[in-house]
Amino acid sequence: MSEKYKASEEEQEVLEKYLLQFLNLEKRYPLLPGIENEEAVAGIMGIEKDELLKLRDRFAANAKQAAVEVLEDPEVAEWIEDLPFEEGDTIVALGDSITDDLQSWFYIFQHVLEIGLDQPDFTFINSGVSYDTSTDALKRLNRDVLDHQPDWVIVALGTFDAQRLHVAPDRPLVSLADYWENLNTIESAVSEITDNPLIWMSPPPVISEMLQQIRLFNFDLFEEDLNRIREILSGKKGYIVDPLGERMHEEEEEGEREAGDESDLPAAWNYLSDGLHPSLSGHVNTVKELIRFLVLAKDPEEGSSFETPDDYEGGVA
C-alpha cells in the first residue's frame, strides 16, 4: 500500500481500539462492486489486508470466549435447553451498531448455542448495520431480513432514533409516532414470513456524560428519550427483552439498590469509552437477559397495553 493512503499511527490506533468493530462496510454497501474484496476494503481503511483480518479475528475470538464464560453460569446452561427454537431454524437480528459490533451480543448468543447445545442446527444472520434508525432498517427489511425466510427475528432498534442532533437539539431524530409506525410495519411484514412471535430488545441505557466527550459524534442521547422508546416496545406482542432497560446496571443483591443512589445508574465498565456501545461485559449482560426472557416469558402473544403517542396522526395499526 502506498504510504500516501496508509493510516497514520493515531488513525490506526483509533481504528483498532474503537472504529473497526463497527466498520462493516460489506453490510452497509452490499451492492458496491468489489465490496467482497478484502484487500480493497482494507485499503479504504488505510491498512493492509492481513491487519484487517487479524483485527476482525480478534473480535470474533473475544465473542467466542465470552460465550464460554456465559456458559459457566449454571442457570444459563440449563436455560438454553428450554429455548423456543427448533432444529433448522434461521434466526435473524435486525439492529444498529450495538448488534453490528464484531463482538456483539448476537455473536456471543450464537456461540452460546453452538457450544452449549449437543447438536445445534441453526442459521444465524446478523442484519445489524451501524448507527441505523428504525427508518433506515425498514428500508432494507426485504434484503436483510425477509429474503432470508427467517423463523425468528430479533428487533433491536431505537437507540439512534432517540439521538438529538447538535444542529437540532429540540427533538429526537425520529419521532415517537414514526418509530411506532416503523415497528408496526416491521411486525406486519415479518408476520407474513413466520408464525413465531417477534423478539423485541429494548435499547440499553446510555451514559450521556461519556458520550458528550467523544468528538466523533454530532448527537446526544438522553435516558428520558430512551425510556419513551422502551414504553412503545413494552406494548408490542412477542418477547420483550429487558423492557425497563436495566441490564447494564451494576448487579446488586435483591433489595440492596435504592432509587437515586449510584447503583441505580448503569455501570461504566459495561460500556466502551463512548458510554453508548456496550463492552464485552455489557454484551454478556444482554445475552443473559435475552436467554432468560425467552425461557421465562409466560405468554409472549399477549404483550402489554400502550397508549398512542401524542404526536401520532395516523390510524391505529
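We're numbering straight along the sequence, starting at 1.
Note: the hydrophobic cluster containing Phe219 does not contain Met210 (ILVMFWY, side chain heavy atoms under 4.5 Å, direct or indirect links). Note: the hydrophobic cluster containing Leu244 does not contain Leu296 (ILVMFWY, side chain heavy atoms under 4.5 Å, direct or indirect links). The cluster map of Ile, Leu, Val, Met, Phe, Trp and Tyr, joined by side-chain heavy atoms under 4.5 Å apart, puts Tyr29 and Val41 in the same cluster. Leu53 and Phe22 are members of different hydrophobic clusters when ILVMFWY side chains are connected at heavy-atom separations under 4.5 Å.
Minimum interatomic distance between Leu280 and Ala66 (heavy atoms only, all atoms of both residues): CD2-CB, 4.1 Å. Closest approach of Pro278 to Leu272, counting heavy atoms only: O-CG, 3.8 Å. Across all their heavy atoms, Asp96 and Gly158 have their closest contact at OD2-N, 4.3 Å. Nearest heavy atoms, Thr194 versus Pro150: CB-O, 3.5 Å. Considering every non-hydrogen atom in both Gly34 and Ala40, the closest pair reads O-CB, 4.2 Å. Between Ala156 and Thr99, the closest heavy-atom pair is CB-OG1, 3.8 Å.
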Show your reasoning for whether side chain to side chain contact (heavy atoms under 4.5 Å, CB included) applies to Glu69 and Val284. CA-CA 9 Å; Glu69 294 174 6; Val284 164; over 6 Å; no
Run the numbers on Ile199 and Ile91 for side chain to side chain contact (heavy atoms under 4.5 Å, CB included), then give the verdict. CA-CA 10 Å; Ile199 302 168; Ile91 304 165; over 6 Å; no
Between Ile232 and Arg228, is a side chain to side chain contact (heavy atoms under 4.5 Å, CB included) present by the stated rule, with each step listed? CA-CA 7 Å; Ile232 291 179; Arg228 294 187 182 103; over 6 Å; no
Derivation and outcome, side chain to side chain donor-acceptor pair (under 3.5 Å), residues Gln12 and Glu16: CA-CA 6 Å; Gln12 187 159 346; Glu16 292 182 13; 3.1 Å; yes
Test side chain to side chain contact (heavy atoms under 4.5 Å, CB included) on Lys64 and Ile115 and set out the steps. CA-CA 9 Å; Lys64 189 170 185 177; Ile115 297 171; 4.2 Å; yes
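Clustering of Ile, Leu, Val, Met, Phe, Trp and Tyr side chains at separations under 4.5 Å leaves Phe222 isolated, with no partner residue.
When side chains are defined from C-beta on, Ser208 does not count as touching Asp220, because their heavy atoms never get closer than 4.5 Å. Side-chain atoms of Tyr239 and Pro84, non-hydrogen and from C-beta on, do get closer than 4.5 Å to each other. Using a 4.5 Å heavy-atom cutoff, the side chains of Ile98 and Thr159 are in contact. Using a 4.5 Å cut-off on side-chain heavy atoms (C-beta onward), Ile80 and Leu71 make contact. At a threshold of 4.5 Å between non-hydrogen side-chain atoms, the residues Leu20 and Ile47 count as touching. In this structure, Leu113 and Phe122 have side chains that are in contact, with non-hydrogen atoms separated by less than 4.5 Å. Using a 4.5 Å heavy-atom cutoff, the side chains of Asn62 and Gln65 are not in contact. By the 4.5 Å heavy-atom criterion applied to side chains, Val129 and Asp136 are not counted as neighbours.
Checked by atom type and distance alone, the side chain of Ser281 pairs as donor or acceptor with a backbone atom of Trp269 at under 3.5 Å. Judged by distance alone, with hydrogens and angles left aside, the side-chain atoms of Ser188 form no donor-acceptor pair with the main-chain N or O of Thr185 at under 3.5 Å. Between the Ser97 side chain and the Ser130 main chain, no donor and acceptor come within less than 3.5 Å of each other. A donor-acceptor pair under 3.5 Å is formed between the side chain of Glu51 and the backbone N or O of Glu48. Side-chain atoms of Asn24 never come within 3.5 Å of backbone atoms of Leu102 as a donor-acceptor pair (strictly under, hydrogens ignored). Remark: the backbone N or O of Val241 is not paired with any side-chain donor or acceptor of Arg292 at under 3.5 angstrom. Under the 3.5 Å distance criterion, the side-chain polar atoms of Trp105 are left unmatched by any main-chain donor or acceptor of Gly282. A donor-acceptor contact shorter than 3.5 Å is absent between the side chain of Gln110 and the backbone of Tyr107. Looking only at distances, a side-chain donor or acceptor of Asp242 sits under 3.5 Å from a matching main-chain atom of Glu246.
Under the rule for a side-chain contact (heavy atoms from CB on, under 4.5 Å), the partners of Pro30 that lie at least two apart in sequence or sit in another chain are Arg143. For the salt bridge (charged side-chain N to carboxylate O under 4.0 Å, His left out) test, residues two or more places apart in sequence or in another chain that qualify with Arg56 are Glu26. In terms of the side-chain contact (heavy atoms from CB on, under 4.5 Å) criterion, residue partners of Leu173 (sequence neighbours excluded) are, by chain and number, Thr133, Gln163, Leu165. Take Tyr131 and apply the ring-ring contact (aromatic ring centres under 6.0 Å, His included) test, not counting sequence neighbours, and it matches Phe160, His277. Under the side-chain contact (heavy atoms from CB on, under 4.5 Å) criterion, Tyr271 pairs with Pro205, Ile207, Met248, Pro266, sequence neighbours left out. The salt bridge (charged side-chain N to carboxylate O under 4.0 Å, His left out) check on Arg28 picks up Asp132, with sequence neighbours excluded. Arg58 pairs by the salt bridge (charged side-chain N to carboxylate O under 4.0 Å, His left out) definition with nothing, not counting sequence neighbours. Contacts of Lys17 classified as salt bridge (charged side-chain N to carboxylate O under 4.0 Å, His left out), with partners at least two apart in sequence or in another chain: Glu13.
Side-chain contact of Ser279 with Asn270: a donor-acceptor pair under 3.5 Å is absent, judged by distance alone.
To the nearest 0.5 Å, atom CD1 of residue Ile214 and atom CG of residue Leu276 are 9.5 Å apart. Interatomic distance, Asn182 CG to Thr135 OG1, rounded to the nearest 0.5 Å: 4.0 Å. For the atom pair NZ (Lys49) and CG (Asn37), the distance works out to 7.5 Å, reported to the nearest 0.5 Å. Atom CG of Asp50 is separated from atom CD of Glu38 by 10.0 Å, given to the nearest 0.5 angstrom. Here CD of Glu289 is found 11.0 Å from CG of Leu294. Values are rounded to the nearest 0.5 Å. Expressed to the nearest 0.5 Å, how far CG of Leu52 lies from NZ of Lys54 amounts to 12.5 Å.
Under the salt bridge (Lys or Arg N to Asp or Glu O under 4.0 Å) criterion, the residue pairs touching residues 144-169 are Arg140-Asp144, Arg164-Asp225, with sequence neighbours excluded. Counting only residues at least two apart or on different chains, the salt bridge (Lys or Arg N to Asp or Glu O under 4.0 Å) pairs with a member in residues 99-121 are Lys27-Asp100. Annotation: salt bridge (Lys or Arg N to Asp or Glu O under 4.0 Å) contacts involving residues 83-94, sequence neighbours excluded, are absent.
Ring pair Phe85/Trp152: centre-to-centre distance below 6.0 Å.
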